[in-house]
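Worksheet: one structure, shown below.
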There are 4 protein chains.
Amino acid sequence: MVNVGILGATGMVGQRFIQLLADHPEFEITALTASQRSAGKRYEDAATWHLDTGIPESVKDITVVDTDPAEVKDVEIVFSALPTDTAAVVEPKFAAAGMKVASNASAMRMEPDVPLVIPEVNPDHLELIETQQKNRGWDGFIVTNPNCSTIALTLTLKPLYDQFNIKRVYVSTMQAVSGAGYNGVPSMAIVDNLVPFIGGEEEKMESETLHLLGEYDGESVVPANFGLSASCNRVAVLDGHTEAVFIEMEDDFEVDEIKESLASFRGMPQKLNLHSAPEAPVVIREEDNRPQPRMDRNTGNGMAVSVGRIRKDEVFSKSLKYVLVGHNTIRGAAGASILNAELINEIM
Amino acid sequence: MVNVGILGATGMVGQRFIQLLADHPEFEITALTASQRSAGKRYEDAATWHLDTGIPESVKDITVVDTDPAEVKDVEIVFSALPTDTAAVVEPKFAAAGMKVASNASAMRMEPDVPLVIPEVNPDHLELIETQQKNRGWDGFIVTNPNCSTIALTLTLKPLYDQFNIKRVYVSTMQAVSGAGYNGVPSMAIVDNLVPFIGGEEEKMESETLHLLGEYDGESVVPANFGLSASCNRVAVLDGHTEAVFIEMEDDFEVDEIKESLASFRGMPQKLNLHSAPEAPVVIREEDNRPQPRMDRNTGNGMAVSVGRIRKDEVFSKSLKYVLVGHNTIRGAAGASILNAELINEIM
Amino acid sequence: MVNVGILGATGMVGQRFIQLLADHPEFEITALTASQRSAGKRYEDAATWHLDTGIPESVKDITVVDTDPAEVKDVEIVFSALPTDTAAVVEPKFAAAGMKVASNASAMRMEPDVPLVIPEVNPDHLELIETQQKNRGWDGFIVTNPNCSTIALTLTLKPLYDQFNIKRVYVSTMQAVSGAGYNGVPSMAIVDNLVPFIGGEEEKMESETLHLLGEYDGESVVPANFGLSASCNRVAVLDGHTEAVFIEMEDDFEVDEIKESLASFRGMPQKLNLHSAPEAPVVIREEDNRPQPRMDRNTGNGMAVSVGRIRKDEVFSKSLKYVLVGHNTIRGAAGASILNAELINEIM
Amino acid sequence: MVNVGILGATGMVGQRFIQLLADHPEFEITALTASQRSAGKRYEDAATWHLDTGIPESVKDITVVDTDPAEVKDVEIVFSALPTDTAAVVEPKFAAAGMKVASNASAMRMEPDVPLVIPEVNPDHLELIETQQKNRGWDGFIVTNPNCSTIALTLTLKPLYDQFNIKRVYVSTMQAVSGAGYNGVPSMAIVDNLVPFIGGEEEKMESETLHLLGEYDGESVVPANFGLSASCNRVAVLDGHTEAVFIEMEDDFEVDEIKESLASFRGMPQKLNLHSAPEAPVVIREEDNRPQPRMDRNTGNGMAVSVGRIRKDEVFSKSLKYVLVGHNTIRGAAGASILNAELINEIM
């Protein structure tokens with residue numbers, strides 16, 4: 001068993017890390033960090049638990065420590081659920097202290113020597129780790145996963161990009177409130193309402209997606225060469241981001257080819273049979289009115305993206321429309337970091 | 001005062017007609033129709049009233065009659081809130097009987113001799129009425145308004161189309177449950193969920209919008225010559241459709257020109273100062289996170305469309321993004337038919 | 001394995017029966033019935049599946065038959081999720097045909113020779129079966145479980161009734177929309193709203209509870225001799241009924257005695273270790289703001305009732321207040337019938 | 001016109017004060033206070049406006065000042081929407097500075113020389129003002145209104161208490177999220193959920209109600225002599241508290257007498273025709289399933305309480321059940337303070 005720690009363990013994503021790691025066959029949680037006012041408390045006393053599965057017994061009595069590498073002993077991997085600004089300062093310290101940091105924070109994602117990885121999409125970008133360690137003189141390293149909306153989208157774009165050449169993408173999201181953290185969206189803002197704005201989200205989707213589909217040329221990542229424009233909205237859904245996607249391809253296609261491409265897509269996690277890997281990263285729904293977040297977010301234990309309403313655009317040529325649903329705090333956050341760590345643990 | 005009737009007066013849109021017409025300065029409700037099982041009852045007994053303003057006193061005692069022109073006496077205008085299939089059969093009978101039918105139903109919208117009109121957008125299409133009466137030998141006529149999502153969108157596209165030449169439009173909607181009628185969306189389908197499908201809605205948006213912006217050449221309407229692709233979703237909002245819009249223009253522009261174009265847009269209803277006309281059909285919101293359906297649906301008594309997040313697309317050139325909110329059962333349904341009737345009453 | 005059938009298998013409760021029985025160690029689903037328009041179809045084609053766990057593979061291909069004993073062959077137990085009026089006519093036919101009917105319908109609950117049973121509360125009422133068979137000349141029989149709100153409440157009242165003597169109970173419920181069936185509560189009725197009325201529910205709670213806690217004297221059931229008054233409300237929750245309970249006892253008590261009484265409560269299902277029996281039928285929550293339906297409905301796989309806010313009434317002497325949450329379609333419906341059948345299967 | 005100020009003008013209740021006072025015929029808003037970080041800003045810049053009616057033009061440019069009597073010049077009445085702990089410190093300073101404080105805060109409500117008043121219920125308690133001014137040496141004074149849930153309940157209890165003698169009351173509330181302030185209830189806590197706890201609420205209902213119905217004996221208030229036990233819950237409703245009420249009377253009654261008593265109830269605000277007074281403080285609904293918060297909260301411009309499901313308790317003798325809905329931030333907060341001020345302005 002590999003000893004792991006969770007940085008920022010009391011928040012929404014921190015709790016998902018705990019839930020997903022509690023019975024993990026390779027990783028054992030031995031350290032939990034939080035802000036100073038929680039340090040020194042038992043985890044059960046420090047956190048207000050918000051998931052409906054209950055706090056795992058195995059973590060209740062772990063003493064929460066300050067988010068400081070000096071406090072985190074004998075740990076090989078740390079999972080980071082830190083807020084961006086804290087992550088920017090703290091994650092490098094953990095890497096410098098020799099730990100492998102699998103981060104869900106956005107702080108380091110676009111650093112040229114930090115891999116931004118979805119294991120099914122661009123596992124080869126992990127080669128940047130070597131550059132990173134050399135550049136920075138670290139024994140450890142930082143690996144990041146993308147933003148929640150980006151992960152779900154990119155998992156569906158990857159096989160299409162490889163097979164049909166994407167020319168442009170428009171995407172409009174309908175994102176769950178959990179993405180903003182437990183206190184992020186007041187009920188007054190979302191009951192009988194929606195909010196058509198999520199700070200920084202569109203920029204992340206527009207840049208991270210192209211980076212993920214970009215090519216690692218031995219030194220750095222050359223972003224993919226198509227355009228993607230996003231409009232991001234918050235709706236009254238607890239978990240599960242839904243995205244309406246419009247794609248113009250370079251090459252023409254039949255809808256069945258698209259379905260076949262998505263349904264047959266497999267990546268390294270499937271080949272290596274990683275613990276958290278879904279059987280198929282993309283699952284096709286044929287019903288008229290699916291995917292729906294409440295019904296489909298837990299597909300593949302929350303690690304698969306459900307795609308439905310796959311149809312030719314009747315208006316624009318070589319164009320495609322579909323709708324996807326992905327679990328934002330599992331596949332889109334904690335589960336993403338864990339899958340990255342599982343891949344690293346397997347191949348490095 | 002002009003005597004008016006409401007066809008299908010007990011449903012969701014029928015109730016909006018009643019609410020909006022109860023204190024109308026030109027129109028007086030003298031007839032209400034419904035299905036046979038309601039015929040003969042007092043309106044208050046026939047309808048389960050669902051609006052939070054209460055049933056207007058003036059209609060409580062009106063005896064509901066069958067939806068048959070023979071039952072609707074001394075009425076000049078009828079407003080139709082009928083379901084499509086009934087409308088297809090019944091509206092022509094009312095027109096043949098000499099009545100002016102202002103219809104919210106989709107049945108006759110795309111008939112070549114039936115005007116599909118938004119008074120601010122294409123009032124000249126009303127000239128088709130003459131053709132219609134000649135073709136069909138009717139003393140009355142049918143005028144229709146578009147689908148709820150189309151109206152809100154087209155009101156914002158009209159000034160931009162005139163000034164900047166639109167090349168392509170992508171739109172993803174987040175529509176209120178009232179659009180499906182009172183019993184249309186079960187709570188089990190929408191609490192902690194959304195449904196990414198509304199039957200027929202995308203097709204309507206894609207065809208009606210171009211028709212509305214098309215040119216009447218003296219004989220028929222030549223649709224506008226750009227592409228529009230829609231993806232329609234139902235969300236947990238009671239009233240107010242929200243639409244995320246992406247537009248590629250033929251000509252380049254500054255964001256301020258767009259705002260100026262939208263904010264200064266006025267149509268015939270404003271010039272004629274029609275009773276239901278909002279001061280401005282399009283209202284700009286400058287806040288980061290507006291428009292929102294609960295906050296903005298009632299702008300201009302529900303007859304104005306709120307537009308916000310107007311921004312240049314950072315990815316695609318000559319491209320624009322914005323979000324709009326329009327009240328689907330007022331501007332998008334009953335209010336639309338009433339504004340059509342007010343225009344006709346004024347100019348014909 | 002015992003062959004079982006499900007009557008009314010396509011509705012909300014029917015689907016729960018299927019979900020709970022799909023991997024059952026003693027029961028094997030071999031028959032599914034529905035209304036005539038579904039008969040002859042594969043189950044997957046006949047039902048619109050609404051649970052987020054997906055249709056079990058094992059039932060997809062079962063051919064749905066008409067709800068008629070002649071169509072249900074080689075089945076020992078049938079679970080009834082029929083609507084009341086159908087149940088009243090059809091359940092006796094299945095019993096007459098020799099089948100054991102475990103019914104969730106209310107039709108036969110208050111018949112003097114039909115056991116109304118919660119296995120933890122009044123298993124001895126099953127002795128009525130003999131009377132029933134004699135009275136009616138049936139080879140089979142009907143056993144019923146109470147209404148969803150009643151079950152959750154009665155499980156908490158049973159140990160208190162035995163230990164402290166209940167004098168009067170007031171209960172106000174906040175019930176989930178699933179209790180009304182998939183199409184039962186329109187979203188227009190419940191978004192930003194609640195409905196303070198559920199037809200027949202208060203009467204059921206007021207009569208069934210006393211019947212369940214009543215004594216079987218060898219011939220019939222003598223209801224318990226205290227008063228219970230209910231007020232029932234529907235709220236915007238998908239699954240899980242919440243009840244605010246006020247109890248006046250005959251005898252005085254300490255809060256800790258109440259907690260001990262509830263927490264240590266065990267019934268025959270626990271003693272017999274029945275498959276669907278929760279470890280403890282009542283689980284105490286000590287947090288200020290629990291139980292909550294979304295967080296606690298799945299306690300004990302949805303078969304345990306969570307009780308919190310247990311406090312002495314500061315106003316009335318010998319009085320107690322608490323809040324409970326129970327899963328209405330599991331413990332309150334399908335799971336209740338299944339537990340009844342498991343008990344019967346074990347002891348008869 | 002009387003110059004008035006609003007203390008704590010940027011919060012939820014502060015905004016309601018502004019909305020209700022913007023076009024008031026007797027009061028003119030001339031001062032707005034908030035915390036120090038807002039002081040010095042224009043109100044429009046200081047507040048994030050959350051009501052769907054828009055910020056009144058007349059207040060947009062008022063400069064917000066610190067909540068300090070030295071900053072609030074030439075003002076006769078101040079309305080307090082301050083948080084409890086601030087109110088406890090600050091309100092006395094405004095009274096000492098000669099201002100009349102109409103407070104919605106709970107800080108001073110149970111002080112023996114501070115009137116806790118609902119104008120329809122206990123206007124005579126205002127006589128305490130004289131005692132208060134003598135006791136404390138103030139030129140101004142403080143008058144308070146009760147908690148939101150208490151006001152709605154007490155308006156319905158008053159005529160019944162006078163006519164039938166109340167013996168005991170049980171009440172279970174289903175309260176709107178706006179009662180906790182804009183950020184009070186996270187959406188994660190209330191979508192597909194409810195929270196059966198509101199800190200301090202039950203204690204307030206249990207004490208304030210008896211105080212309001214108590215007798216002023218020339219020196220102090222002797223609380224009414226019956227018992228009231230409350231259980232308070234938060235549900236997914238934006239505005240409008242619903243309460244399920246069970247009452248045992250001393251005297252027997254017919255349901256029609258109860259309805260007549262409630263419907264004919266009028267108080268001093270009605271007699272004096274005060275600006276904010278509803279025509280009738282209690283409105284009876286005869287429908288099976290009313291009142292409902294979304295449909296009925298705005299009755300009487302949000303100042304009337306709607307009561308429905310009035311029925312004899314079939315279980316307990318001389319007992320009654322009903323359900324009420326009152327608007328929590330209008331009748332239950334800002335409107336309550338304003339009505340108090342209107343009464344004082346009229347009679348003192």
Side-chain angles (χ1 to χ4, degrees), chain C residues 168-174 176-177 188-199 202-203 206 210 226-240 242-246 248 287-295 297 308-309 311 313-317 319 321-325, chain D residues 168-174 176-177 188-199 202-203 206 210 226-240 242-246 248 287-295 297 308-309 311 313-317 319 321-325:
Chain C
R168 61 166 91 200
V169 177
Y170 291 92
V171 58
S172 177
T173 68
M174 292 163 280
V177 293
M188 290 294 295
I190 211 78
V191 171
D192 183 21
N193 203 20
L194 64 85
V195 180
F197 176 69
I198 301 174
E202 294 167 3
E203 293 78 0
E206 293 172 359
L210 301 185
F226 63 87
L228 183 155
S229 179
S231 196
C232 293
N233 305 281
R234 188 78 69 192
V235 297
V237 168
L238 290 166
D239 285 312
T242 306
E243 308 183 19
V245 184
F246 306 81
E248 186 184 3
E287 299 91 331
D288 262 2
N289 60 0
R290 298 282 281 270
Q292 297 175 9
R294 186 168 69 81
M295 300 294 282
R297 60 194 171 204
R309 302 207 65 218
R311 57 213 194 274
D313 195 311
E314 299 294 325
V315 174
F316 298 120
S317 63
S319 292
K321 298 195 265 192
Y322 58 81
V323 176
L324 68 84
V325 163
Chain D
R168 62 166 91 199
V169 177
Y170 291 91
V171 58
S172 178
T173 69
M174 291 163 280
V177 292
M188 289 295 295
I190 211 78
V191 171
D192 183 20
N193 204 19
L194 62 86
V195 181
F197 176 69
I198 302 174
E202 294 167 3
E203 294 77 0
E206 292 173 358
L210 301 185
F226 63 87
L228 182 155
S229 181
S231 195
C232 293
N233 305 282
R234 189 77 71 191
V235 296
V237 168
L238 290 166
D239 285 313
T242 306
E243 308 183 19
V245 185
F246 306 81
E248 185 184 6
E287 300 91 332
D288 260 2
N289 61 359
R290 298 282 281 269
Q292 296 176 9
R294 187 168 69 80
M295 300 294 282
R297 60 194 172 205
R309 302 208 65 219
R311 58 212 193 275
D313 196 311
E314 300 293 326
V315 174
F316 298 120
S317 63
S319 292
K321 299 195 264 193
Y322 58 80
V323 176
L324 68 84
V325 163

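Values in this document were obtained by computation on a predicted structure and should not be read as measured data. Numbered from 1 within each chain, the chains take letters A, B, ... in sequence-line order. Values below: all heavy atoms of this structure, side chains included; hydrogens, waters and symmetry mates excluded.
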Problem set entry | D:Asp192 and its side chain to side chain donor-acceptor pair (under 3.5 Å) partner, picked from C:Arg297, C:Gln292, C:Arg294 |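 The residue from C:Arg297, C:Gln292, C:Arg294 that satisfies side chain to side chain donor-acceptor pair (under 3.5 Å) with D:Asp192 turns out to be C:Arg297.
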Is it the side chain or the backbone of [X] that comes within 4.5 Å of chain D heavy atoms, both, or neither?
{"X": "C:Val171", "result": "backbone"}
{"X": "C:Val191", "result": "backbone"}
{"X": "C:Glu203", "result": "neither"}
{"X": "C:Leu228", "result": "backbone"}

Select, from [options], the one with the greatest count of heavy-atom pairs under 4.5 Å involving chain C.
{"options": "D:Ala230, D:Ser172, D:Pro196", "value": "D:Pro196"}
{"options": "D:Ala236, D:Ala176, D:Pro293", "value": "D:Pro293"}
{"options": "D:Arg168, D:Arg290, D:Glu314, D:Glu206", "value": "D:Arg168"}

Might you point out which heavy atoms bring [X] and [Y] nearest each other, and give the distance in Å?
{"X": "C:Ser229", "Y": "D:Lys321", "answer": "OG-NZ, 3.0 Å"}
{"X": "D:Val315", "Y": "C:Gly227", "answer": "CG1-CA, 3.6 Å"}
{"X": "C:Arg311", "Y": "D:Ser231", "answer": "NH2-OG, 3.3 Å"}
{"X": "C:Asn233", "Y": "D:Ala244", "answer": "ND2-CB, 4.5 Å"}

Problem set entry | Contacts of D:Phe246 that satisfy ring-ring contact (aromatic ring centres under 6.0 Å, His included) - sequence neighbours left out |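 By the ring-ring contact (aromatic ring centres under 6.0 Å, His included) rule, D:Phe246 matches C:Tyr170.
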For this session: Supply the atom-to-atom distance C:Leu238 CG to D:Asn193 CG, rounded to the nearest 0.5 angstrom.
Result: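 Here the interatomic distance stands at 10.5 Å.
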Problem set entry | Winner by heavy-atom pair count (cut-off under 4.5 Å) against chain D, out of C:Gly308, C:Ala189, C:Gly240, C:Pro291 |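 So the answer, after comparing C:Gly308, C:Ala189, C:Gly240, C:Pro291, is C:Pro291.
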Exercise. Regarding C:Arg309 and the six-membered ring of D:Phe197, is the cationic atom NZ or CZ under 6.0 Å from the ring centre and inside 45° of its axis?
Worked result: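 Not flagged: C:Arg309 not positioned over aromatic ring of D:Phe197.
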